[in-house]
Amino acid sequence: MVNRSIFVIGLLLTLALSAFAQQAEESSPTDKDKNELIPTDAYLKRGEVIGKAKKADLAKVMAAPEKFAGKLVRVEGVIVRSCKAEGCWAELAPDKNGKSIRVKMKDHSFFIPVQSAGARARAEGIFSVKTLSKEHVDHLINEDG
């Protein structure tokens, strides 16, 4: 199994289009996007270069989400699950057993490998707090396989 301990993805929640995607919004993932192996000796990067926001502790963000709502944040954690259809979202947690936040790739402008669970990741974007409908939750459950 590929060592995923140093896997970092530059994910964006609501920032501008991916500098790497060079595709129109609402693009479709390629087989390479969906199946690329996570390197053991380097980082796999997706989306724009991150670092505009000061790093926030993911556990603290999750403990008081209202304090971060509408703000640009940068967090790090472990991907506990991701979209199995396209790699268009991931759930990021402080550790593999913790509660998670959902990270969406801006307007489907880039994708992550569908087998990203267990990998370490870094994400930056505008943090928002939402209540999901049952229909939306059911859709997300179907995407997770």
Side-chain angles (χ1 to χ4, degrees), residues 1-53 55-59 61-63 65 68-145:
M1 177 148 230
V2 176
N3 179 349
R4 296 180 180 190
S5 63
I6 63 169
F7 173 50
V8 175
I9 307 172
L11 304 176
L12 300 175
L13 301 173
T14 56
L15 295 178
L17 284 176
S18 166
F20 297 102
Q22 297 180 0
Q23 301 170 6
E25 288 186 19
E26 296 293 328
S27 61
S28 298
T30 64
D31 283 340
K32 181 178 185 248
D33 290 331
K34 295 186 335 184
N35 300 309
E36 188 168 4
L37 291 177
I38 299 166
T40 58
D41 60 349
Y43 296 121
L44 178 63
K45 299 177 184 174
R46 293 288 190 264
E48 290 185 9
V49 175
I50 63 175
K52 298 172 185 125
K55 181 180 172 187
D57 181 87
L58 181 54
V61 171
M62 293 173 64
F68 297 89
K71 295 182 180 175
L72 181 66
V73 298
R74 179 172 37 123
V75 294
E76 294 183 12
V78 176
I79 297 175
V80 293
R81 70 182 52 84
S82 64
C83 174
K84 298 293 188 267
E86 297 182 322
C88 60
W89 59 263
E91 288 186 17
L92 194 61
D95 61 63
K96 66 181 182 176
N97 299 313
K99 291 183 179 181
S100 60
I101 62 170
R102 179 165 300 275
V103 178
K104 298 186 331 182
M105 295 13 154
K106 172 70 174 149
D107 296 325
H108 284 82
S109 61
F110 63 96
F111 305 90
I112 63 171
V114 295
Q115 298 300 325
S116 295
R120 301 249 346 129
R122 180 180 304 144
E124 180 176 87
I126 304 298
F127 189 81
S128 64
V129 180
K130 295 181 180 180
T131 301
L132 302 177
S133 68
K134 181 184 180 329
E135 292 79 19
H136 193 162
V137 171
D138 290 343
H139 169 77
L140 295 174
I141 289 170
N142 288 333
E143 284 184 342
D144 184 31

Are [X] and [Y] packed together at the side-chain level, in the sense that at least one heavy-atom pair is separated by less than 4.5 angstrom?
X	Y	result
W89	H108	no
L92	I79	yes
V75	V103	no
P113	Q115	no

Say whether, by atom type as modelled, one donor and one acceptor occur between the side chain of E124 and the main chain of G51 under 3.5 angstrom.
yes
Is the backbone N or O of A53 less than 3.5 Å from a side-chain atom of R74, with the two atoms forming a donor-acceptor pair by type?
yes
Tell me, please, which residues at least two apart from K55 pass salt bridge (Lys or Arg N to Asp or Glu O under 4.0 Å).
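For K55, the residues satisfying salt bridge (Lys or Arg N to Asp or Glu O under 4.0 Å) (neighbours in sequence not counted) are E76.
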What distance separates [X] [atom1] from [Y] [atom2], expressed to the nearest 0.5 Å?
X	Y	atom1	atom2	answer
H136	T131	NE2	OG1	12.0 Å
K104	C83	NZ	SG	12.0 Å
I101	E91	CD1	CD	9.5 Å
E86	I112	CD	CD1	11.5 Å

Return yes when atom CG of D31 has more than 12 non-hydrogen atoms of other residues, nucleotides or ligands closer than 6.0 Å, and no otherwise.
no
Given M105 and F110, is the side-chain contact (heavy atoms from CB on, under 4.5 Å) satisfied, shown in steps?
CA-CA 6 Å; M105 295 13 154; F110 63 96; 3.5 Å; yes
